[in-house]
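This report refers to the structure that appears directly beneath it.
A note on names: the letters A, B, ... follow the listed sequences, proteins ahead of strands, and every chain is numbered from 1.
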Amino acid sequence: MEIDHSNADLTCMRLSRFFLPVLKETPSDAQIISHQLMLRAGMVRQQSAGIYSWLPLGWKVLQKISDIVREEQNRAGAVEMLMPTIQSADLWRESGRYDDYGQEMLRITDRHERDMLFGPTNEEMITDLFRTYCRSYKDLPKLLYHIQWKFRDEIRPRFGVMRGREFLMKDTYSFDLDEAAARHAYNRMFVAYLNTFSRMGLQAVPMRADTGPIGGDLSHEFIVLAETGESEVFCNADLVEMGAPGPDVDWDGDLQPLVDQRTALYAATEEMHDADAFAQVPEDRRLSARGIEVGHIFYFGTKYSEPMKAYVTHPDQKDRPVHMGSYGVGVSRLLAAIIEAHHDDKGCIWPESVAPFGAGILNLRAGDEAADTACESAYAALSEAGLDPLYDDTKERPGGKFATADLIGLPYQLVIGPRGLKENKVEVKVRRTGETHELSPEDAVARLGERAFSNG
RNA sequence: CGGGGCGUAGCGCAGCCUGGUAGCGCAUCUGGUUUGGGACCAGAGGGUCGCAAGUUCGAAUCUUGCCGCCCCGACCA
């Protein structure tokens, strides 16, 4: 994309114009590292129990995560749409869940005394949409998703956005003629999820999950291993090391072998754990750990289509309820999970795919003509190279700038100051390893631009 | 919802037991000295002590009620 430098000053992301309220001290009510770092790095601000404002830095990362989720959904053939957060209670009365859902659902009454609710999920609404427009087997299959805020009035919100009451979720819904066809949609999501989490630097292990009254084997939770995880999990260690299939899969072909490869080995959460089966896993491969559930997929057949009368006419001219599945990713929870997996004592270490900025430019003496000039030309060059840099042009002292850059996890830091410039030197620091390179400004910018320090 | 804990300046805390002028560190602002890994000196601003009632000459402090938040448990992306 062409960048218009005539307006460079306004498009330049200067820290002095950004909104980054970093905290030096850790707020006492944050218990886990991701919550602490999100508060310290000025990413979120709690507004009420389990309800957060997303400040610019947090919002930027959240959008990067959403974008990856979206790209992988699209790649797998899902079609994006957007349903509202507020729903009518009538739809939920049709499915019977208005009463079943209980206290977790936030119920609202509008000015006409109509019962409304803040959606905790969208099965009823999507089923209503489907039945409105689709009547024939020729309309199938359909795979639709949205990324929308949900509200679940949790008994006990905790761990920051990890278990918030308001949270951002990607939910996909599949509609198929029968179970066999639904299984293909299920497998698509299974593979898409492996790729999605892998792109964010997460190794997520699919684990058999409870299918409830539906039964069958078509429900999996995707678990990221982390010490602070809420679930106890047991699996074959080979699964953790197994890479993602990558984008070059034949989405219309048979995905079952890919799925089987990952479901053949033992993996279960606490509630599905079978100690005898686990004992069959070779001892050195037996892994018991804690995990964070970042995704959940399941096939639920006609659970909603039957009561809500979402029927399609089959080729034999008979009407039958459509077979459905739903597939959720906790987008806001993913952000916390990524921090849990990637941090050190100084702060966040973002995988580059979700880093809020691709690089930082630290002007150690803002106001010094040589430093200012060098920083500005570095900014232009790094922007041109697509690195989306953040320029720290503040008057803060160097120590504070280094600490902030590490805290918010800028993957590469271009350190420019008058002392180095006298010898035509600037410093490139790689956040993940802490290694530094002294280079001329031209070399530093060129090598950053060609991603020469990647995987450092 | 059961059990535990906490609400005092933006953040982290002391003061409460034993009632008597509301404090400390960080942050903020001003001036100065500094300036390459969270500087220093001097000064300044900022608080309905969660809310309400009660006891008392007098309540951050004692009593009661309410609200909010955090932690542990059963449920969940």
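- Applying the salt bridge (Lys or Arg N to Asp or Glu O under 4.0 Å) test to residues at least two apart or on different chains, the pairs with a partner in residues 41-62 of chain A are A/Lys60-A/Asp388.
- Every residue two or more places apart in sequence or in another chain was checked for a side chain to side chain donor-acceptor pair (under 3.5 Å) with A/Lys425, and none qualifies.
- Ring pair A/Phe130/A/Phe175: centre-to-centre distance below 6.0 Å.
- Residues A/Tyr101 and A/Trp92 bring their aromatic ring centres within 6.0 Å.
- Aromatic pair A/His35/A/Phe159: ring centres not closer than 6.0 Å.
- Within the cation-pi definition used here (under 6.0 Å to the ring centroid, within 45° of the axis), A/Arg93 qualifies as a partner of A/Tyr98.
- Under the Watson-Crick or G-U wobble criterion, with both distances below 3.5 Å, B/U21 has no partner in any strand shown.
- Aromatic rings from A/Phe222 and A/Phe190 are positioned such that their centres are separated by under 6.0 Å.
- Using bins of under 30°, 30° to 60° and over 60° for the plane-to-plane angle, the ring pair A/Phe453/A/His437 lands in the tilted bin.
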Heavy atoms under 4.0 Å is the rule here; annotate nucleotides 68-77 of chain B 5' to 3' with B where the base is hit, S where only the sugar-phosphate is, and - elsewhere.
-> -SSBBBBBBB
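- Taking A/Glu154 as the reference, A/Arg163 meet the salt bridge (charged side-chain N to carboxylate O under 4.0 Å, His left out) condition, with sequence neighbours excluded.
- Legend: salt bridge (Lys or Arg N to Asp or Glu O under 4.0 Å) pairs involving residues 73-87 of chain A, not counting sequence neighbours, sorted by first then second residue: A/Arg70-A/Glu80, A/Glu72-A/Arg75.
- Ring centers of A/Phe167 and A/Tyr52: at least 6.0 Å apart, outside the cut-off.
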What string of B, S and - do you get for nucleotides 34-39 of chain B 5' to 3' if you count protein non-hydrogen atoms under 4.0 Å?
-> BSBBBB
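- A 3.5 Å limit on both hydrogen-bonding distances identifies no Watson-Crick or G-U partner for B/U35.
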Are there any protein N/O atoms within less than 3.5 Å of an N/O atom in nucleotides 22-25 of chain B, and if so, which ones and at what distance?
residue, atom, partner, partner atom, Å
B/G25, N2, A/Glu25, OE1, 2.8

If a protein heavy atom is under 4.0 Å from the base, mark B; if only from the sugar-phosphate, S; if neither, -; do that for nucleotides 40-51 of chain B going 5' to 3'.
-> ------------
Could you list, one pair per line, each protein nitrogen or oxygen that sits under 3.5 Å from a nitrogen or oxygen of nucleotides 3-9 of chain B, together with the distance?
none

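- Using a 4.0 Å heavy-atom criterion, one finds that A/Thr26 contacts the sugar-phosphate atoms exclusively.
- With sequence neighbours left out, A/Asp238 forms a side chain to side chain donor-acceptor pair (under 3.5 Å) with A/Arg285.
- Counting non-hydrogen atoms of other residues, nucleotides and ligands closer than 6.0 Å to CD of A/Glu369 gives a total of 12 or fewer.
- The list of salt bridge (Lys or Arg N to Asp or Glu O under 4.0 Å) pairs with a residue in residues 439-449 of chain A, not counting sequence neighbours, is empty.
- For the side chain to side chain donor-acceptor pair (under 3.5 Å) condition, no pair includes a residue of residues 414-423 of chain A, sequence neighbours left out.
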